[in-house]
Novice: 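Below is a structure I'd like to ask you about.
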Amino acid sequence: MDGSAPLDMHTVTLKLLTIVAEAVLEDRLIRDLKRLGAKGYTLTEVRGEGSRGVRSSEWEGKNIRLESVVSPLVAERILSHLAEAYFPHYAVIAYLENVEVVRGEKYT
Amino acid sequence: MDGSAPLDMHTVTLKLLTIVAEAVLEDRLIRDLKRLGAKGYTLTEVRGEGSRGVRSSEWEGKNIRLESVVSPLVAERILSHLAEAYFPHYAVIAYLENVEVVRGEKYT
Amino acid sequence: MDGSAPLDMHTVTLKLLTIVAEAVLEDRLIRDLKRLGAKGYTLTEVRGEGSRGVRSSEWEGKNIRLESVVSPLVAERILSHLAEAYFPHYAVIAYLENVEVVRGEKYT
Amino acid sequence: MGLQQPPALVRRPRFSFQPHDPLRYKPVDTLELLRLNLLSPMVLAFVLGIVATLVHSDLKFPEALYTSLSIYLLLSIGLKGGAELSTTPLTALWKPALATLALGIFTPVASYALLRRWGRFSVADAAALAAHYGSVSAVTFIAAITFMQALGEPVEGFMPTLVAMLEVPAIVIALLIARRGMSGTGSLSEAIHEIFAGRSILLLAGGLFIGFLSGKKGLEQIAPVFVDSFRGVLVLFLLEMGMVAAKRLRDLSKVGFFLLAFGVVMPVFQGMLGVGLGSLAGLSLGGATVLGTMAASASYIAAPAAVRIALPQANPSLYLTAALGITFPFNLALGIPLYYAISRWLHATAS
Amino acid sequence: MGLQQPPALVRRPRFSFQPHDPLRYKPVDTLELLRLNLLSPMVLAFVLGIVATLVHSDLKFPEALYTSLSIYLLLSIGLKGGAELSTTPLTALWKPALATLALGIFTPVASYALLRRWGRFSVADAAALAAHYGSVSAVTFIAAITFMQALGEPVEGFMPTLVAMLEVPAIVIALLIARRGMSGTGSLSEAIHEIFAGRSILLLAGGLFIGFLSGKKGLEQIAPVFVDSFRGVLVLFLLEMGMVAAKRLRDLSKVGFFLLAFGVVMPVFQGMLGVGLGSLAGLSLGGATVLGTMAASASYIAAPAAVRIALPQANPSLYLTAALGITFPFNLALGIPLYYAISRWLHATAS
Amino acid sequence: MGLQQPPALVRRPRFSFQPHDPLRYKPVDTLELLRLNLLSPMVLAFVLGIVATLVHSDLKFPEALYTSLSIYLLLSIGLKGGAELSTTPLTALWKPALATLALGIFTPVASYALLRRWGRFSVADAAALAAHYGSVSAVTFIAAITFMQALGEPVEGFMPTLVAMLEVPAIVIALLIARRGMSGTGSLSEAIHEIFAGRSILLLAGGLFIGFLSGKKGLEQIAPVFVDSFRGVLVLFLLEMGMVAAKRLRDLSKVGFFLLAFGVVMPVFQGMLGVGLGSLAGLSLGGATVLGTMAASASYIAAPAAVRIALPQANPSLYLTAALGITFPFNLALGIPLYYAISRWLHATAS
Ligand SMILES: Nc1ncnc2c1ncn2[C@@H]1O[C@H](COP(=O)(O)O)[C@@H](O)[C@H]1O
Ligand SMILES: Nc1ncnc2c1ncn2[C@@H]1O[C@H](COP(=O)(O)O)[C@@H](O)[C@H]1O
Ligand SMILES: Nc1ncnc2c1ncn2[C@@H]1O[C@H](COP(=O)(O)O)[C@@H](O)[C@H]1O
Ligand code: NA
Ligand code: NA
Ligand code: NA
């Protein structure tokens, strides 16, 4: 059986949107996500380094990773909003993957 | 080079199964994963929000994210079990991705 | 709209490299990643279990998960290095996924 | 506090529930009692926690801090009780122990009946609530002990033993009732293990054991941490509890009027019962007050964990909001002084 | 531990900023003052933290510990101030309050002008720095209080009230200046909420409130944690602060010579202003020293959070390095003794 | 400290390893010694931790708590030692220092030879174990100091200096032996940096430095946290250690009988050697006991980190189980009283 073969079980292909951003944005990002159509999210406290240097303590500012399973449409809407509202001044990275979700209807 | 091109290095394509669930299920989920054929897992403490409301403290109940690299067969077995044993009453989300794994044989 | 359809928004397809390894390797892995061309990374403290047993406390040795969005070339370079320098003696797992990244040029 | 410290007669002994507190004085009327309780740093810290949540403050206790404080409080209570036990004749224990067991069996049954009959709750929800209200909240117990101390009211040293005894039976009984009344419940054995090996019982019982074996001399060695610092740590803990309780208040509208009333009336009823049974069993004024508070309190550590596993059908919003958002603040602010007043009245008429 | 405690001259009272410290003695010259400060366990712990970072030690404070310590320190300062306030005539408060407000308005404007005119900073960066230097650092305030205690120098009990009053206005003013001078800034209302509901103000004000209501008797109950342990906890906290400050020092080359000079000269100027205004407002020698230190200090908890939200264009490297890497260590090691010397000189000439 | 406390002469000075403990009395026989140790709150807390793991309790110390407690313990030991050093003639130090170095060089070589010759371990595993057993466990050291304090047995103030001196050489020597005997090992320089900049040495040495510079007056300021609270914090820490050790016990079957015996016999041998050399070097009864305990203990903080980096081929199950699961509990429960008995016998025959 090929590793990437489809499953028998009923799953729906959706987008997993991952946003890593400075922690100060937590409330705002969550508000935006909900407003733009995400039905839920999972949040992890992380550290990181990128073009804006190391981000790992209270003062450097920690990072959060927000993950949300959304429809492609919602994904696109959120990405556009991020690009406009946060990319210029804040430490943010965002990317999408395809995921096969059980009970996928719940999340669209 | 196209971003999604295959690698020269020898990798195996497997399924990455991600389960986000309320923390009270930790022991049970790990037991189930092992029993159904997973060779390992990685566990992260997370917070989240979904149809059952915010889950972020001791009392609301924190969440855990369990990730396991498994064969498609095992992935399906686990998903069926989750759908039956946990989806009705517990806060759980589960999804699959395709991943290219180095030393992939170790995990099937 | 099919869940795996491409987006309108301009994104670049890159590799998301995930490494789960024992925490004692943190400094060394980060140094290696940067040297081999990664432009950034995100680090999460995790626990886990695999062929080398449970890893979850100070003494069993915690794990870290390092994630880095990189070009396929860099991904391959890093994987080869890992296979040689760490796989024999340390608890490590590594895998790749395809991700669509906004502002993808930043990370290649 | 220095080296040249003068005659030390006035120092509060560090390891006793019978405090000769220099602050002690017995307030005469109930209003004064209430004022004394409401203006204590502990209750005020709880209020501050509520305010912090209401103004959406970014104040947040790290989870590690909350866990550490609760480990400390439980162990400390156990240690002090154990050291006290080491000089107590155990014959004094059996009557209060029986009274405690009676409470642990009767109260969940009463709650369940009430919630089913009049509240029209589902089997799962009624049983879940019964488990919570039949069991005991360690923090409420601690608050009662501390209030007695502030009043200079002696309390029996074996009370923490009774807490351990009251915690378990109600949960088991409620789960058994649920089994009878429905199918498809979770694992009962796992739930029972969860309670017995749960950290609250383990730390309380473990502390009793250490305190008992190492005695007052042993406790003396660690008194600066486990005795002197107790109330200060409690203030920090109640600050956090205030924040948690206030978050629960947001769900208040969802739980309905019946549960709201239940969360206030049931504690009063169980509290009176506890004070009464305790007094019958020969407990002192302070001891009966504390047993009443224990009966009146609703568990929110042991019970939720066990119930979530064994009764996943029950809605956590209901039992958490009732136990944490309604009954806990009620007991902390009004209940404890009330049970004390009742106990005083009982003991006055008895003697 | 008690109130009726017999000949208590030698005991350090637990709840007072007017310490009768057994260690107390008044050093006569400034060098001696400096030595006393530099060899205190607090400053040495800060130095150890710097060393730990320089040798790339794996010593790392868990974030939960850092947060817990800061919650403790802020609440403790509030509690002690509040208990003190409960026996202070409030009429003594209005003049120092006015002086504090004057400082909170004048210093950010001065900083901004200086940084724009001579430092050639962008509007955003100048306003961000002005917000930080106009506001106050709670830890520097605490260090000043502790130094006064070690010297046996009485300090007014209402100083924490002034900290809460000094924290806010400068940030708001600096953000308003930035709004006028540029477009596309973040949300001002969110930033203001961030300050008022921020944990530093909440804990300070909350502590004041609890301390005031429960009074000295209330504080007495929790003194082993909130009074006796204060300096020890401060040592732990400053160890962590040393590590953080040293990490900031790595960015020192990026901030340029002007900002480096600003980070040392501005505090001295603001410190003198604070001591002067405080003395005019009738504060004691110790009180004026502490107000001077407050004016001299640069915020690094409230201000960064608010500025990051309302002024994302400003470069955090600049304000964090200046406030944490330059001004904080300067005040801790040299500034506080200096402001004390100035205050002593002022009070000597006045009387 | 108690109620019946007599004129304050008997108060334990806060910053001394020469305790005039009110509890002090010298037990005459070894059984009594053992009982005293086994029923101390510290050892009982360790036992409770073991029980918690065996019954699969959900009690879990947050990692931040464990880290915080260990930071506190190391710093505290350093501070007290440093304050003591500030009044000690340093000439007293050189002979015990030489004895310590001799132990640090001889014991890893002996362990290595034994494990290779008779245990048939691989080069990597033997060297890894030698590194652990040649180095020192800070917590075992602390337990020994605390036991001496409980007995009222004076201990030299410079002992923490010796801990810092004993920690490093054995690890370096063991790693060098491994290099000679195999290829493909990890980075030695990184491993050595790991040890020197490791938090245990940094905190111990840093504490010594702060204590020395700020002196007894400095320590007095922070005594409620760093002196009075020490044993209580140790109880919490040992509770966690018990849980960790018990988890290790699960691997016991994997390590084989030889290592099990090694984990008990080697400490006794090294302990006797330490007591002997210490006595020769002029250490007091208590000091020689503590040096013996240090020699007998196996590192489980510094050594594992360094070995994992420089000797990844070695199997961590072996060295962690031996050091944490066997030798640590053995020393804590039986070893320390045993080394004390030996030291008492040596000092009795000598005088
Ligand atoms: N190439 C990358 N791979 C993974 N995470 C990244 C990458 N670049 C940046 N990040 C994360 O995004 C945060 C902000 O990035 P930046 O704005 O580039 O400083 C960093 O702190 C990292 O946590
Ligand atoms: N759309 C989503 N994307 C990512 N995580 C989700 C999503 N929905 C739910 N979750 C996670 O799954 C948990 C349980 O979801 P629920 O059962 O819907 O409350 C939540 O607390 C989140 O952590
Ligand atoms: N199949 C797996 N899926 C996800 N994570 C794994 C898997 N196997 C191992 N890991 C992670 O990789 C770490 C090291 O694995 P190992 O070297 O097999 O012990 C484990 O502690 C887990 O965190
Ligand atoms: Na109850
Ligand atoms: Na200022
Ligand atoms: Na040793």
Side-chain angles (χ1 to χ4, degrees), chain A residues 1-20 23 26-27 29-48 62-72 74-75 95-108, chain B residues 3-4 6 11-22 42-56 62-67 69-84 86-88 91-101 104-105 107-108:
Chain A
M1 188 172 180
D2 172 31
S4 55
L7 291 180
D8 285 347
M9 175 147 196
H10 174 66
T11 58
V12 179
T13 301
L14 290 170
K15 294 288 179 192
L16 172 64
L17 164 65
T18 305
I19 306 169
V20 179
E26 177 172 331
D27 290 347
L29 283 173
I30 290 176
R31 225 182 302 135
D32 293 349
L33 247 66
K34 287 185 189 167
R35 187 169 42 82
L36 297 169
K39 292 290 193 301
Y41 60 85
T42 296
L43 188 154
T44 317
E45 277 159 26
V46 297
R47 307 182 254 146
K62 299 163 297 175
N63 285 342
I64 50 167
R65 175 175 43 207
L66 267 172
E67 285 165 305
S68 186
V69 173
V70 291
S71 70
V74 170
Y95 48 81
L96 295 179
E97 293 158 87
N98 293 322
V99 289
E100 303 161 56
V101 187
V102 203
R103 296 196 295 181
E105 318 69 42
K106 238 185 105 171
Y107 308 105
T108 55
Chain B
S4 56
T11 59
V12 179
T13 300
L14 291 170
K15 292 289 179 192
L16 172 65
L17 164 65
T18 304
I19 306 168
V20 179
E22 47 192 292
T42 296
L43 189 154
T44 317
E45 278 158 26
V46 298
R47 306 182 255 145
E49 188 170 347
S51 55
R52 288 171 197 262
V54 177
R55 306 188 57 81
S56 69
K62 297 162 300 174
N63 284 343
I64 51 167
R65 175 175 44 208
L66 266 172
E67 285 165 306
V69 172
V70 290
S71 70
L73 212 74
V74 170
E76 184 144 2
R77 235 188 272 151
I78 296 175
L79 284 185
S80 313
H81 177 68
L82 290 180
E84 187 196 313
Y86 299 105
F87 282 4
V92 181
I93 183 175
Y95 48 82
L96 295 179
E97 293 158 87
N98 293 323
V99 289
E100 303 161 56
V101 186
E105 316 71 42
Y107 307 104
T108 54

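Letters A, B, ... mirror the listed sequences (proteins, then strands); counts begin at 1.
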Novice: Can you say whether T44(B) sits under 4.5 Å from chain A via the side chain, the backbone, both, or neither, judging by heavy atoms?
Specialist: side chain

Novice: Count the heavy atoms of every other residue, nucleotide or ligand shown that sit under 6.0 Å from CD of E84(B), and state whether that count exceeds 12.
Specialist: no

Novice: Any chance you could measure N98(B), atom CG, to E97(A), atom CD, to the nearest 0.5 Å?
Specialist: 10.5 Å

Novice: Could you look at I93(B) and say if it's the side chain, the backbone, both or neither that has a heavy atom under 4.5 Å from chain A?
Specialist: both

Novice: Could you pull out all residues at least two apart from L43(B) that satisfy side-chain contact (heavy atoms from CB on, under 4.5 Å)?
Specialist: E26(B), I30(B), Y41(B), I64(B), L66(B), R47(C)

Novice: How close do Y95(B) and V99(A) get, heavy atom to heavy atom, and via which atoms?
Specialist: CD1-CG1, 3.8 Å

Novice: Where does V69(A) contact chain B at under 4.5 Å (heavy atoms): side chain, backbone, both or neither?
Specialist: side chain

